[in-house]
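Throughout, a chain's letter reflects where its sequence line sits, starting with A, and its residues are numbered from 1.
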Number of protein chains: 2
Amino acid sequence: MPVTVLLVDDEILVRAGLRAVLGAQSDIEVVGEAADGAAVIPLVRRLRPDVVAMDVRMPLLDGIEATRAVLRTVADPPKILVVTTFEDDEYVYEALRAGADGFLLKRARPAEIVHAVRLVAAGESLLFPASVRRLAERYGDGSGRPARSVLERARLTEREAEVLRLMARGLSNAEIAAGLVVGAETVKSHVSAVLAKLGARDRTQAVIAAYESGFVEPR
Amino acid sequence: MPVTVLLVDDEILVRAGLRAVLGAQSDIEVVGEAADGAAVIPLVRRLRPDVVAMDVRMPLLDGIEATRAVLRTVADPPKILVVTTFEDDEYVYEALRAGADGFLLKRARPAEIVHAVRLVAAGESLLFPASVRRLAERYGDGSGRPARSVLERARLTEREAEVLRLMARGLSNAEIAAGLVVGAETVKSHVSAVLAKLGARDRTQAVIAAYESGFVEPR
DNA sequence: ACGGACCTCCCCCGCGCGGGGGAGACGAAC
DNA sequence: GTTCGTCTCCCCCGCGCGGGGGAGGTCCGT
């Protein structure tokens, strides 16, 4: 059965674009649309989508508030994928704190959009999507900081979690392999899985996510 | 059954000396060695030593932080015997708070060293050497003395600190170069300087040190 | 009995990374 | 003045890392 998606955006063009991109996938089905945050909750209750693609800036109720409302009031809530523009970056982390499962830039390539929907639908999270990574390049302030809930929901397997713990201790793949008494190739597989699930580009970003999420604790 | 000991010191000569002294005892067996704090945890898990002879000044994770890490993450942790020199005086109190079971001066006589290992292995807190104890008292009542962090001691230049901050946000060298509007080669130089000063092997270990020392803060 | 998740190991391949050097420009301190 | 530290850029070079595949094993729930 396909992944069902509810589109929430006040711009009809954006909804049409998402519908075109997502609808082209055989395993994804767009089951409904909403033009403002207030309409989301009844629609979620009626349509029971797997994923809600949620815009940030909307009339009546913005994406942050709508996310909180859905997660607070709906039993067995859908995954929330926050769809944002580059200018909304100050809201991104607030959205993740509200319980969103990931975020996505509108300028992302179609393949990335599809990938993001599949990931959150699978119960995984997006910490550093490639298209959003540029946000981190805007330094100076606001520390690109994901919410604690994101990594907790990343659903790492036991082995992957153990590997991440060792990565967060500064061990190389070879050292991890020695420590776990497995082959170096095996560790590479686990590391790749961790990077993919966290949306991290390299082990450094994965370790950062581990610290930022409380997966490992300083001192 | 003999008392099993894990040696943790970045200097091969010190490890060799301890191994010679301790190994000569029929009731003490050196079961492993580590050259830095990060390697301690997997080794402790695998070897399950009774006692860890822990140096204070080591690359990546110093003895204090390694002690905390072991006691926090390992079930049924070994006794921690901190091996220190007079130059390490300032860390004694920190080691106490970290949960170390005893102290040992590197200049101690072989008989004292053996005695210290047997004592902590027996579950007794080692009576601090007089010189060490005075220091502990001095620092103990002087509450509010912040421990000098690894990074403060590292004396990073302003530029190096800025580069480390960006490394700790998950940026690649090229991204840092773009952000600081300098050449990629320049960033490489700064990164290399940071790694050298922190005793880190790669950027991941540097970022870990940044978190562990409070140079960057989660949340 | 079957699929699916998980762990394990293997291949090839490109590239970013880090170490080893060096060198010029600038300002502060001596 | 000279020295020193810092910041900047450059070279070469090896290798660890991460992506792309695949494949066989166990265990478990259906």
Expressed in angstrom and rounded to an integer, what is the separation of [X] atom [atom1] from [N] atom [atom2]?
X        : N      : atom1 : atom2 : result
B/Arg159 : D/dC9  : CZ    : C1'   : 13 Å
A/Glu185 : D/dG18 : CD    : P     : 13 Å
A/Leu180 : C/dC6  : CG    : P     : 17 Å
A/His190 : C/dC6  : NE2   : C1'   : 8 Å
A/Lys197 : C/dA5  : NZ    : P     : 10 Å
B/Glu160 : D/dT8  : CD    : P     : 11 Å
A/Leu171 : D/dG16 : CG    : P     : 15 Å
B/Glu158 : D/dG5  : CD    : P     : 18 Å

>> Here's a test of your reading of the structure: between B/Asp202 and B/Val187, which maps to the more 5' nucleotide of DNA chain D?
In response: B/Val187
>> Show the nearest heavy-atom pair for residues A/Leu47 and A/Val31, with the distance to one decimal.
In response: CD1-O, 3.7 Å
> B/Arg203 side chain N/O closer than 4.0 Å to the phosphate oxygens (OP1, OP2) of C/dG18?
Replying inline: yes
>> Below the 4.0 Å mark, does D/dG16 have OP1 or OP2 next to a side-chain nitrogen or oxygen of A/Asn173?
In response: no
> A/Ser172 near the nucleic acid: base, sugar-phosphate alone, or nothing, with a heavy-atom cut-off under 4.0 Å?
Replying inline: sugar-phosphate
> Hey, does B/Thr186 reach any base, or is it just sugar-phosphate, or nothing, if we go heavy atoms under 4.0 Å?
Replying inline: base
> Does the side-chain contact (heavy atoms from CB on, under 4.5 Å) test come out yes or no for A/Leu7 and A/Val83, once each step is laid out?
Replying inline: CA-CA 10 Å; A/Leu7 307 181; A/Val83 180; over 6 Å; no
>> Counting distance alone, no hydrogens or angles: does the base of C/dG19 have a donor or acceptor under 3.5 Å from a partner atom on the side chain of B/Lys188?
In response: yes
>> Taking donor-acceptor contacts at under 3.5 Å, does the side chain of B/Ser189 reach the base of D/dC9?
In response: yes
>> One pair to check against side-chain contact (heavy atoms from CB on, under 4.5 Å): A/Ile41 and A/Thr73. What are the steps and the verdict?
In response: CA-CA 8 Å; A/Ile41 289 166; A/Thr73 65; 4.0 Å; yes
> Do NZ/NE/NH1/NH2 and the carboxylate oxygens of B/Glu162 and B/Arg165 come within less than 4.0 Å?
Replying inline: yes
> B/Ser192 has a side chain; which of D/dT8, C/dG18, D/dG19 sits nearest to it?
Replying inline: C/dG18
> Hey, are the side chains of B/Arg203 and B/Val191 touching, using non-hydrogen atoms and a 4.5 Å cut-off?
Replying inline: yes
